[in-house]
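We name chains A, B, ... by the order of the sequence lines, and we start the count at 1 in each one. Both backbone and side-chain heavy atoms feed into the values below; hydrogens, waters and symmetry mates do not.
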Protein chains: 2
Amino acid sequence: MADLIRVSTLWPPVRPRSIDLGATTHGLLEAVGLIREVDLAGSFALMPLGVLIRDRIEAIIRKSFVEHGFGAVMLPMLQSRAIWESSGRWQVYADAEALFRVVGRGEEESACLGPTSEEISVVTVASDLASHRDLPVRLYQSTNKFRNELSPRGGLLRAREFEMADAYTFDADRGGMLAAVEALNAACQSALTRMGLPGVLTIPADGGDISKAPSTEHVVRSELGQSQFVECPNCAYRADPDVAMAAFPRPDRHHAADADAQTAKVMAFGCVRGGEELVVSVVIRGDLQVSHRKVAEVLGASSIRTLSEAEFRACFGVEPHTLNPAIAASTSNEMLFDTSVADLRDFTTVSPLTGLIHGANWGEGPLLDQVTPERPVTVHVADAGLWCGKCGEGIFESHRAIELGHVFELGDRYSTPMGLRFVDREGRHAAPLMACSGIGVGRCLQTLADAFRDERGLSWPAQVAPAQVHVIVAAQGEEAERRALRLQGVLAANGVTTVLDDRDVSLGERFRYAWALGLPHHVVVSTRTEDGVYEHTDRAAGLSQDVTESDLLKILSGVG
Amino acid sequence: MADLIRVSTLWPPVRPRSIDLGATTHGLLEAVGLIREVDLAGSFALMPLGVLIRDRIEAIIRKSFVEHGFGAVMLPMLQSRAIWESSGRWQVYADAEALFRVVGRGEEESACLGPTSEEISVVTVASDLASHRDLPVRLYQSTNKFRNELSPRGGLLRAREFEMADAYTFDADRGGMLAAVEALNAACQSALTRMGLPGVLTIPADGGDISKAPSTEHVVRSELGQSQFVECPNCAYRADPDVAMAAFPRPDRHHAADADAQTAKVMAFGCVRGGEELVVSVVIRGDLQVSHRKVAEVLGASSIRTLSEAEFRACFGVEPHTLNPAIAASTSNEMLFDTSVADLRDFTTVSPLTGLIHGANWGEGPLLDQVTPERPVTVHVADAGLWCGKCGEGIFESHRAIELGHVFELGDRYSTPMGLRFVDREGRHAAPLMACSGIGVGRCLQTLADAFRDERGLSWPAQVAPAQVHVIVAAQGEEAERRALRLQGVLAANGVTTVLDDRDVSLGERFRYAWALGLPHHVVVSTRTEDGVYEHTDRAAGLSQDVTESDLLKILSGVG
């Protein structure tokens with residue numbers, strides 16, 4: 001953008017008094033004119049001042065990745081169905097209805113909009129990969145991704161089309177891949193910290209559709225977030241509830257018992273392992289949730305889903321809420337006992353004929369005499385209220401968080417099925433091991449806005465602000481105008497872009513907009529002070545003082 | 001990218017002797033590793049050095065538009081079917097099979113990938129446009145566009161997914177719109193010139209699917225191009241053959257006659273005017289082509305197409321090649337005589353019964369006694385060989401060209417059907433008048449490569465080069481290595497990025513790659529010269545000299 005941005009020429013037009021300072025953060029971003037939700041629900045346009053912030057965020061991320069050895073590429077967003085079928089993900093994403101499928105000529109869905117770029121990075125590297133001497137490969141890009149979110153919401157936090165800065169690595173062996181994961185985590189952390197984001201945490205997490213291997217989320221705590229993690233107040237251990245180690249039970253310090261906590265309930269799932277469909281029953285304490293991820297990991301299953309009611313009845317011959325451990329044991333392909341029920345005594349279970357049965361014990365009575373929890377496994381979700389599995393001393397607290405970055409260990413999840421090969425040191429063909437990461441550019445923008453907003457509006461850290469200085473002319477007449485333009489010339493010569501509010505509205509109105517927009521420095525030009533002296537306000541600190549031009553340049557050179 | 005790019009770490013790996021210097025320009029871009037065609041035919045990935053060139057081109061274009069008063073935005077690429085139906089273009093593009101249609105949930109084609117952004121810019125502006133005080137609006141962006149080309153070819157010249165730097169303007173009246181068109185043309189011209197492109201021409205052209213109003217192409221002459229224009233060698237008048245004014249006939253200087261030039265042929269079309277379907281016949285000289293665009297303009301038709309053979313027979317009752325002016329006149333809704341047949345004497349025509357008839361004249365004989373060319377119109381394509389319509393003195397030559405930019409006058413073509421309104425000075429609701437432009441970023445990259453390549457490879461102008469200096473260490477051992485890294489440090493401190501060829505290959509091989517890649521400056525570090533003295537080669541000029549460090553910095557500061 002030019003060295004001088006006149007508010008009167010900005011799109012959208014800044015209207016007097018239309019800014020609701022109590023709005024949600026994305027509402028505030030809309031109100032000051034940085035973004036607009038347009039056309040499809042969950043689609044956003046960035047307006048000129050928003051683009052300037054996005055540019056700076058993107059440049060910080062790219063710099064961080066380049067410093068860690070990545071080369072910036074741009075891969076196609078439109079990707080063939082063939083490559084998504086070769087990785088086995090076309091159906092997975094299509095079933096979840098998360099894929100935007102694309103029809104070209106005729107009626108065939110022959111392509112899709114990339115929700116991520118593992119497949120296209122594999123085929124890109126495949127053009128040139130020959131031997132171990134070509135490895136490692138470290139690629140970075142920042143392009144739009146597309147996910148058909150069922151209910152896009154939260155502004156830029158969950159959009160259908162969104163910019164993601166993603167990176168892909170290819171290595172000859174596991175040691176190389178782990179070094180790549182380390183570089184990805186370091187680059188993510190460096191990027192998020194450089195933007196000025198406070199309190200960025202790394203959380204061991206679940207690879208989801210991307211990978212079965214462990215992954216690392218880079219998050220900040222926020223009630224706006226759609227991620228969750230548990231944290232131990234004693235040892236500060238943090239993790240995704242589907243990944244966290246929860247110690248359970250500790251008989252000496254038992255979780256405050258309610259009726260559900262004295263119940264052994266049975267849940268049933270359909271799993272796929274080695275191409276075979278299994279029915280799996282899990283016995284778990286009534287107040288706990290089964291973690292799909294943990295069950296899949298214990299079984300080595302490639303997928304897991306809840307049975308439909310019809311499947312449930314066909315399989316067990318009873319209603320879902322009347323399934324008990326004895327029936328489950330006789331019918332399921334696999335039976336798991338969660339650690340939470342191993343030591344239960346005098347608990348409640350159910351019989352399809354007589355209803356609830358109290359005072360039951362494993363291996364006793366007509367119902368459970370053949371049922372004992374052998375080799376219990378930990379498959380419950382590590383929710384708040386459970387004991388920390390790391391130190392055994394704290395009780396987990398649960399926090400909401402915004403996932404800004406995510407680093408995945410991919411191994412040969414994509415290279416093997418897609419046939420990506422290289423000749424290793426011993427002359428054998430091998431599949432490179434991959435890792436990847438993604439940082440949501442729009443999420444960073446909105447999270448920064450959220451982290452620094454105050455009762456007067458937004459407040460951008462200097463390193464991502466769309467401009468450093470907001471100039472307000474507090475006097476009328478040519479003299480003040482002349483002073484303002486001279487100051488702007490001096491700032492421009494020093495590489496500083498100025499936003500000048502040249503609207504014909506009240507002074508109060510112009511101050512209101514300056515505080516709401518949140519550039520780091522406000523400068524008031526008036527005829528109250530002598531020529532060359534200005535009132536400077538530090539937006540974040542809220543402090544004002546009269547400064548000379550050279551003072552002002554000194555203040556500005558310390559930042560941004 | 002970092003201040004030091006080591007060739008050994010580049011992706012794709014630079015392989016000895018794999019560069020075919022005689023390849024097509026996009027083949028050469030592939031061979032030196034700047035681009036890769038991946039996945040779908042006509043889809044390209046930019047590799048790291050290619051991204052650096054693209055970044056510089058994009059920055060030059062953005063700067064040129066910002067200087068002309070545009071604000072940079074980013075609009076969604078995924079766009080709803082609803083907005084494309086509201087402009088009436090969903091069907092037009094779908095019929096031409098140029099649209100990538102998108103299926104979200106269910107089976108419905110509810111969205112598309114934007115081939116251009118007129119519709120999405122209208123809905124974006126609609127959120128905020130209220131009164132004439134909000135106008136003019138000047139928006140610029142550079143995002144990927146998607147067109148389902150039947151046969152993508154020519155590398156980045158005609159890709160299915162391609163980056164286009166496009167701009168949209170909205171004005172209150174015709175004067176404003178014309179000023180906007182002027183600004184768009186000036187910004188395009190400034191951008192293309194700043195990149196270093198030689199011989200950029202502006203050509204009056206045809207708005208195609210975008211607009212019926214006149215448009216301006218910004219082109220460079222090239223045999224690689226898929227555009228064409230005619231030029232008068234006498235007065236230098238240039239235009240698209242579908243737009244150019246061709247003077248015809250000039251009886252005193254008649255076009256060298258062949259049999260076709262002595263024939264009056266009849267062509268028939270289906271046109272839509274005011275919602276009504278018309279059959280239109282055009283009588284034209286046998287060696288000329290009918291310009292659909294010119295016919296539509298003469299008739300005020302909104303669309304025009306060639307009749308199918310079946311339609312032809314049903315309408316005229318004869319085979320297409322036996323249609324003569326008399327039958328056409330009695331059956332068509334409209335009949336046009338091209339100026340080329342007005343003064344024909346003793347010409348050839350055809351009878352469905354007796355075949356060719358020679359020596360015919362208008363208004364004479366059993367066949368043409370009722371037929372005279374009244375009010376002839378110019379509807380022939382202004383091909384090479386015709387007389388210039390501007391000066392009447394030169395004979396048109398035809399040239400192929402690459403269309404790099406295109407500026408369109410849109411008027412209310414989009415604002416009226418899409419219901420975009422503002423309150424004008426008189427308090428009435430009015431539709432803003434629009435204009436737009438597009439510059440193909442990848443096309444610019446490939447055209448620059450093509451314009452400056454020579455027998456040794458590519459040669460980038462300093463303003464778009466991915467780095468300024470290519471360093472080759474011509475001696476082995478620590479001393480040469482130390483000198484190279486010290487030089488790189490000095491260059492980095494002066495803001496100059498260095499490409500250092502650190503591969504373990506022959507010196508000849510490294511020189512070959514340096515010439516093929518085409519950075520503006522080559523510096524050889526050896527122990528032949530004293531410490532601090534280097535051999536500098538100007539890549540474009542091919543001249544070498546020994547220089548000191550300070551000489552080198554002086555040479556570099558003159559450029560880029």
Side-chain angles (χ1 to χ4, degrees), chain A residues 1-2 9-13 33 36-40 43-48 50-52 54 66-67 69 71-80 82-83 97 100-105 109 111 113 119-120 123-125 127-128 130 133-134 137-139 141 143-144 146 148 150 160-161 163, chain B residues 1-2 9-13 33 36-40 43-48 50-52 54 66-67 69 71-80 82-83 97 100-105 109 111 113 119-120 123-125 127-128 130 133-134 137-139 141 143-144 146 148 150 160-161 163:
Chain A
M1 201 107 175
T9 68
L10 275 179
W11 189 262
R36 278 291 174 273
E37 188 166 9
V38 294
D39 193 19
L40 294 161
S43 274
F44 288 86
L46 293 181
M47 299 290 102
V51 166
L52 294 178
R54 171 262 173 201
V66 167
E67 284 176 1
V73 297
M74 292 184 75
L75 307 178
M77 304 175 204
L78 180 67
Q79 302 167 2
S80 74
I83 66 172
E97 298 202 313
F100 284 110
R101 293 158 287 153
V102 175
V103 181
R105 289 173 200 283
E109 292 172 359
L113 293 172
E119 283 80 357
I120 194 79
V123 297
T124 299
V125 167
S127 314
D128 292 280
R133 282 182 298 273
D134 302 329
V137 182
R138 305 270 184 268
L139 303 179
Q141 67 170 352
T143 60
N144 282 17
F146 302 83
N148 198 1
L150 189 54
R160 286 198 163 120
E161 175 175 355
E163 185 175 359
Chain B
M1 199 108 174
T9 67
L10 275 178
W11 189 262
R36 279 292 173 270
E37 188 165 8
V38 294
D39 193 19
L40 294 161
S43 273
F44 288 85
L46 292 181
M47 299 290 101
V51 166
L52 294 180
R54 171 264 172 199
V66 167
E67 284 176 0
V73 297
M74 293 183 74
L75 307 179
M77 303 176 206
L78 181 67
Q79 301 166 5
S80 75
I83 66 171
E97 298 202 313
F100 284 110
R101 292 158 288 153
V102 176
V103 181
R105 288 172 201 283
E109 292 172 358
L113 293 172
E119 284 81 357
I120 195 79
V123 296
T124 300
V125 167
S127 313
D128 292 281
R133 281 182 299 272
D134 302 329
V137 182
R138 304 272 185 266
L139 304 179
Q141 67 169 352
T143 59
N144 283 16
F146 301 83
N148 197 1
L150 188 54
R160 287 198 163 119
E161 176 175 354
E163 185 176 358

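Arg101(A) places no side-chain N or O within donor-acceptor distance of the main-chain N or O of Val102(B), the cut-off being under 3.5 Å. Proximity of a side-chain donor or acceptor of Asp39(B) to a complementary backbone N or O of Ser80(A) within less than 3.5 Å is detected. Side chain of Glu161(B) to backbone of Met77(A): a donor-acceptor contact under 3.5 angstrom is found.
Among Val51(B), Leu150(B), Val103(B), the residue with the largest count of heavy-atom pairs under 4.5 Å with chain A is Val103(B). Residue with the most contacts toward chain B among Arg160(A), Arg54(A), Glu119(A), Glu37(A): Arg54(A) (heavy-atom pairs, distance under 4.5 Å). For the set Val123(A), Asp134(A), Asn144(A), Thr9(A), the entry with the most heavy-atom pairs within less than 4.5 Å of chain B is Asp134(A).
For Leu113(B), the part lying under 4.5 angstrom from a heavy atom of chain A is the side chain only. Of the two parts of Glu109(B), only the side chain, counted from C-beta on, holds a non-hydrogen atom closer than 4.5 Å to a non-hydrogen atom of chain A. For Phe146(B), the part lying under 4.5 angstrom from a heavy atom of chain A is the side chain only. Contact of Ala82(B) with chain A is not made at all, since no heavy-atom distance falls under 4.5 Å.
When every heavy atom of Trp11(A) is checked against every heavy atom of Asp128(B), the shortest pair comes out as CZ2-CB, 3.6 Å. Of all heavy-atom pairs spanning Pro76(B) and Ser43(A), the tightest one is CG-CB, 4.0 Å. Residues Leu40(A) and Ala111(B) come closest through the heavy atom pair CD1-CB, 4.4 Å. Of all the heavy atoms in Pro48(B) and Val73(A), the pair that sits closest is CD-CG1, 3.5 Å.
Atom CG of Asn148(A) sits about 8.5 Å away from atom CG of Leu78(B), to the nearest 0.5 Å. To the nearest 0.5 Å, atoms CG (Leu46(A)) and CD (Gln141(B)) are separated by 10.5 Å.
When side chains are defined from C-beta on, Met47(A) does not count as touching Leu139(B), because their heavy atoms never get closer than 4.5 Å. Proximity of Ile120(A) to Val38(B): side-chain heavy atoms (C-beta onward) are separated by under 4.5 Å at one or more points.
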